[in-house]
Amino acid sequence: MLQTVSDPKPATDSTSTRELQLSAFRFMLLARLLDDKFAALYRAGKIHGGVFLARGQEALSASIGVSLKKTDVFAPLIRDTAGRLAFGEPVLDAVRTYLGSPLGPMRGRDGNVHRGRPQEGYLPMISHLGAMISVVNGVLFARRLKKISGTVGAACIGDGATSTGAFHEALNQAAVEKLPLVLIVADNQYAYSTPTSFQFACENLADKAIGYGVESYSVDGTDLSVCLKVVGDAVAKARAGDGPQLIVAKLLRLCGHGEHDDASYVDPQLKSSPLGRDCLKVAEEFLLRQNWTDAATIAEWRGKFAREIEEAVGQVQREPAPDPFAENWLAISSEHLSETHTNHE
Amino acid sequence: MLQTVSDPKPATDSTSTRELQLSAFRFMLLARLLDDKFAALYRAGKIHGGVFLARGQEALSASIGVSLKKTDVFAPLIRDTAGRLAFGEPVLDAVRTYLGSPLGPMRGRDGNVHRGRPQEGYLPMISHLGAMISVVNGVLFARRLKKISGTVGAACIGDGATSTGAFHEALNQAAVEKLPLVLIVADNQYAYSTPTSFQFACENLADKAIGYGVESYSVDGTDLSVCLKVVGDAVAKARAGDGPQLIVAKLLRLCGHGEHDDASYVDPQLKSSPLGRDCLKVAEEFLLRQNWTDAATIAEWRGKFAREIEEAVGQVQREPAPDPFAENWLAISSEHLSETHTNHE
Amino acid sequence: MNLTYIDAIREAQAHALRDDPRVFIYGQDIGAFGGAFKATKNLAKEFPGRVLDSPISEDAMVGLAVGAAIEGMRPIIEMQFADFSTVGFNQIVNQAATLFWRTNVPCPITVRLPFGGTSGGGPFHSQCIETIYAHYPGLIVLTPATVEDAYSMLLEAVALDDPVIFCEHKFLYRHLKAEKLPSEALPIGKARIAREGRDLTIVTYSAMVHEALEAATELAPEGWEIEIVDLRSVKPLDTDTVMASVARTGKLLCVGEAWPWGGVTAEIIARVASEGYGLLDAPPQRLNAKDTPVPYHPNLWTAHRPTARAVAAAARKLLRT
Amino acid sequence: MNLTYIDAIREAQAHALRDDPRVFIYGQDIGAFGGAFKATKNLAKEFPGRVLDSPISEDAMVGLAVGAAIEGMRPIIEMQFADFSTVGFNQIVNQAATLFWRTNVPCPITVRLPFGGTSGGGPFHSQCIETIYAHYPGLIVLTPATVEDAYSMLLEAVALDDPVIFCEHKFLYRHLKAEKLPSEALPIGKARIAREGRDLTIVTYSAMVHEALEAATELAPEGWEIEIVDLRSVKPLDTDTVMASVARTGKLLCVGEAWPWGGVTAEIIARVASEGYGLLDAPPQRLNAKDTPVPYHPNLWTAHRPTARAVAAAARKLLRT
Ligand SMILES: Cc1ncc(C[n+]2csc(CCOP(=O)(O)OP(=O)(O)O)c2C)c(N)n1
Ligand SMILES: Cc1ncc(C[n+]2csc(CCOP(=O)(O)OP(=O)(O)O)c2C)c(N)n1
Ligand SMILES: [Mg+2]
Ligand SMILES: [Mg+2]
């Protein structure tokens, strides 16, 4: 059941492959620049709470985003800046959420990576690791009940989160119900500071698939080409009705857990190993080697994206902050059932 | 990693094998008779709440009990009457717990299968499926910290309980810590009324082992000889420091989920399949065929056990019931920190 | 007809399935088997593909319901026992309960919790845990005490756009009977005067309503007229009805089957003390279960939970102050 | 020395590890890394093999602790954030909390919950969930408000034979400073008069003690003398100290950072109303967080939780009744 793809296959020259790679690359670049901006804002004390970056994980994440359709379902996790953008998240949503703008999708109520638009199939994560997978199952389950076919649901998770009961229950549930779930594990060698040796004892997390009766893939997460292929294949199989697909990508987080963390615990040997390659550079070099684009064009994208980000940040910084007096402090939608009784003012 | 043992190996003639089988068989018989008695008491309205029997699971369960040492740790589940007795539980403990006697280990506070003596390594289950496994891990972990070696911990679970997050977290934890845990799954084809097809999608639950990096065994749970061999081997391996062992036994529950359940949902084809064999009969025939005992001796045991059970029940029925006025209604042991404030009388 | 409380729950679900294609039910053993308590008896057959057996995965069961709700469905989740909802707790309080506030997308799920003590139930099949749900923002917590309410409130729960924790009392399942199902009912959020009286108000809910009623009957020959408020819903709490009753009687006894620390009885007393202080002419009192796990043996169990006799004793004491 | 609250927690753990070979610590990132908040900084090095990294498995973390406690150890479990204890909830409330009552075998585990709101924490890194633990029988729930108490109460928690939920407030971690660690302390179960006054009693705990103190300072120039009771332990509750204070002041305001329904403030008011009714010369009042998830943006967050200003306003209103 396990298909290992870790060597870049000679790129087929079809325009669609090329376009897909270029498109994914652009999202990777945009994501990297956006993350850099969040890091800068964090250092400048402009962001409330933590900042969680995706450096080194853009290839995998962008591959997911570009492989999904708008009608699919996507539950990204902390390190999916690229995938979110590729799935269609406006830069503005990301900036507004980090800055707590009331105009953003989370309206200052939730922040940083906890953002999404559920009604558009883009699910905003809660913090509890593993908890989003069964929610994706639920959307897929509902679509089946509603006789809507052809939907795929993608959920992202880290190596550490595979240790949660929620991960297990949800993957098993998807397997039993044969739901079109694509579960992508970014095995980035650490969960916060904890190396994978404290997290699991199997050789490869993809080995877990057999115990659930689902298909699995192992992929080099630093290589956009293979990520695109593997994620694309898995999404296609799920869409075709072959049930849940488990993808395990090996890579290295090229930043701290959050921007407060200097990641000094990361093994230098890992950094200098192939896992430590920067997927963005790898992809860029590959595209240039293939002559699919040139340095000038990339520089132009970079400039354009940087401007787009600056504009978004500028705009959001001029937006009003949330006003607690204007806030509708109701946790339920049935206003008539809200406790009229308030013992807090 | 998967070792399948399903055909009875030609029995070796060594006295130890013979003695072990005879011993296990006696516990199976005692367990069956005890369960029959509980069923009768239930029908007579003498038991509060449910009665949960182990019919069809005695061979597997007894094999566990006789394979463990007194210094080991054992966390049985609902269908381990035989294993409990073999591990050393007095019949009186079982009867007192079902009848709620204040002289039993649970003192009328907990009942039926929720019994044990934690300080003797015999852990009393809580109802939440899967929850006892990590507790066994904890005892093993503590012994390691205390530099006590050679302990094995056995935890029992059903096919249905493999779907719980608790099962996953605990088995993974044991694997990461390489604890001497023997986890025995009684795949009895149903979780209450739910067939295994709603519970998992892998072919055999033993397939799960590879995803945890632990060793596994598949065994015909209706056959005492092979159960003894497999459980004995797994216990020996765990004791030798080879880490967690996962045993999956296939069998059929030969009763309802509880005595209130007529189990009419059980597939007749399963009942007439080899899985539907009564392990007690299989074992008895085997022992007779081997000439390791004779019908008269078995009849004698039966009589002796029946009397022992009757005596225990008689004795417990004469014991005083719990007295709420004499009860120490304190949920914590630090009496000075108990809420002196009582708002309930 | 002679309908029990569990019949009412089954009928409400049948009704909801019939009327609303968005409704489905998901839980352990609820399909062909009809559920541990038969709350879904025959429903899988009557509504093919809409009453579905789940694995023993409470966390994933609730997670799935939330996803389905986002997709516009109205799932009902049956927990086999309320006690087991603790392993689905996170999805209830952190996923379902926060969805609307965080995203403005409502989360219309109903989680049915067969709860409360029965003889021989023991520590893990008896718990009253409405408090842990009511404490979290974002949930509606219902505790019907009658066959009629079991029916109408479950129907209304499914129709609501918010997550509802539906606490149905196992002790009442086959204990209570009604002639017919109601065609109209008090809305959720309104308490009910279960018995009128002028001497003392007992505020209670679920199975304890019946213990209180029995206590009131016991006290009647002694000349006491006890008013009983059945809260029906513990979140929201109908403070107005409670306050109006206390205004009439001047005396308040709150009775709950749950553990004593925090919870419904504390919340009611705190509200009345804060806002209706002048209405009271004696200190308000509480009666709860004891602060230990729920015991197995009936002798202990009946001492652990408030009974009619204990309620009557507490009322008598309060009436004499 | 200049010790923070988090230093105190680290030192208490170092002390416990040093003095008692039965103590070990288990949690995520607590080994070489020293924990998300550095509560175990260097401890893994100082106490080899006794400060151990766990997988992200809160259920199994607590289960393991219970097993180790049965075997005579005294495990400390660090939850990375209190909010994540909801996925270990079942093992806490149904396994650890019931063990002693069911089997007479004590369960000396300490579960450390970094809890409470901080700016930008948001809905899942800010929760105050002491209530859900205090509601269950079998647990001791502690909420130290000072550096000294963080130290002495954690030491005492580890020494106790019962499961302790140790709620340490993240907002206080680096905010509070003390000169030195205490050599003696009030025992667990006793509340502390954090400030004396004769006009009104504010009963509170954890970070809110400091908001209350600030409010008292704000009210002093207006001529009001506010007494502040720091509960220290929310289960058990030191009702006597509360009652004695109310007897002196006649007025009670309970302040909590937790959600309003049920919980510490309701429990305190219910007790005072039931047992100290005559002591009050005005209706007792409560001030809690709002009944929504904890918001991310600081503007919303400071409106969501009680602040010194809000406490002062509530006190002023009550003083004028
Ligand atoms: C249930 C739960 N426990 C603990 C945490 C705290 N936490 C947040 S991220 C994290 C590490 C996650 O590691 P991994 O899954 O490998 O993802 P990565 O950060 O490496 O992308 C932890 C422990 C959490 N969010 N949820
Ligand atoms: C977490 C949890 N959910 C639900 C239940 C209710 N329950 C008790 S036994 C049971 C079926 C167990 O099936 P299985 O694990 O196969 O064991 P078996 O009864 O077949 O021996 C269920 C659903 C429970 N005890 N715990
Ligand atoms: Mg990781
Ligand atoms: Mg089974």
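First the proteins, then the strands, lettered A, B, ... as listed; each starts at 1.
Counting heavy-atom pairs under 4.5 Å between each of D:T98, D:T86, D:V272 and chain C puts D:T86 at the top. Of all the listed residues (D:L252, D:I269, D:I268, D:I132), the one sharing the greatest number of non-hydrogen pairs under 4.5 Å with chain C is D:I132. Considering only heavy-atom pairs separated by less than 4.5 Å from chain D, the leading option among C:L318, C:V234, C:V93 is C:V234. Note on D:G263, D:G278, D:A134: by heavy-atom pairs under 4.5 Å with chain C, the leading option is D:A134. Among C:A282, C:A270, C:G276, C:P283, the residue with the largest count of heavy-atom pairs under 4.5 Å with chain D is C:P283.
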- Derivation of the side-chain contact (heavy atoms from CB on, under 4.5 Å) call for D:F89 and C:V87: CA-CA 7 Å; D:F89 186 63; C:V87 286; over 6 Å; no

- Query: What's the verdict on side-chain contact (heavy atoms from CB on, under 4.5 Å) for C:K235 and D:D291, showing C-alpha distance, side-chain angles and the deciding distance?
  - Reply: CA-CA 11 Å; C:K235 190 168 188 182; D:D291 195 28; 3.0 Å; yes

- Message: Could you walk me through whether C:L280 and D:Y277 satisfy the side-chain contact (heavy atoms from CB on, under 4.5 Å) test, starting with their C-alpha distance in whole Å, then the side-chain angles of each, then the deciding distance to 0.1 Å, before giving a yes or no?
- Response: CA-CA 10 Å; C:L280 290 163; D:Y277 192 75; 3.2 Å; yes

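Using a distance-only test at 3.5 Å, with no hydrogens or angles considered, no donor-acceptor pair links the side chain of D:E267 to the main chain of C:A266.
Of all the heavy atoms in C:P284 and D:A273, the pair that sits closest is CD-O, 3.5 Å. The shortest non-hydrogen separation linking C:C128 to D:H135 is O-NE2, 4.2 Å. When every heavy atom of D:F124 is checked against every heavy atom of C:N94, the shortest pair comes out as CE2-O, 3.4 Å. Scanning both residues, C:Q285 and D:S274, for their nearest heavy atoms gives NE2-O, 3.3 Å. The shortest heavy-atom contact between C:P293 and D:P137 is N-CG, 3.6 Å.
The parts of D:V264 that come within reach of chain C are both its backbone and its side chain, each placing non-hydrogen atoms under 4.5 angstrom from that chain. At a 4.5 Å heavy-atom cutoff, the contact between C:Y136 and chain D is made by backbone and side-chain atoms alike. With a threshold of 4.5 angstrom between heavy atoms, D:Q91 does not approach chain C through any atom at all. Residue contact with chain C, scored on non-hydrogen atoms closer than 4.5 Å, involves the backbone and the side chain of D:W259 alike. At a 4.5 Å heavy-atom cutoff, the contact between D:I129 and chain C is made by side-chain atoms alone.
Looking only at side-chain heavy atoms (C-beta outward), D:L237 and C:W261 come within less than 4.5 Å of each other.
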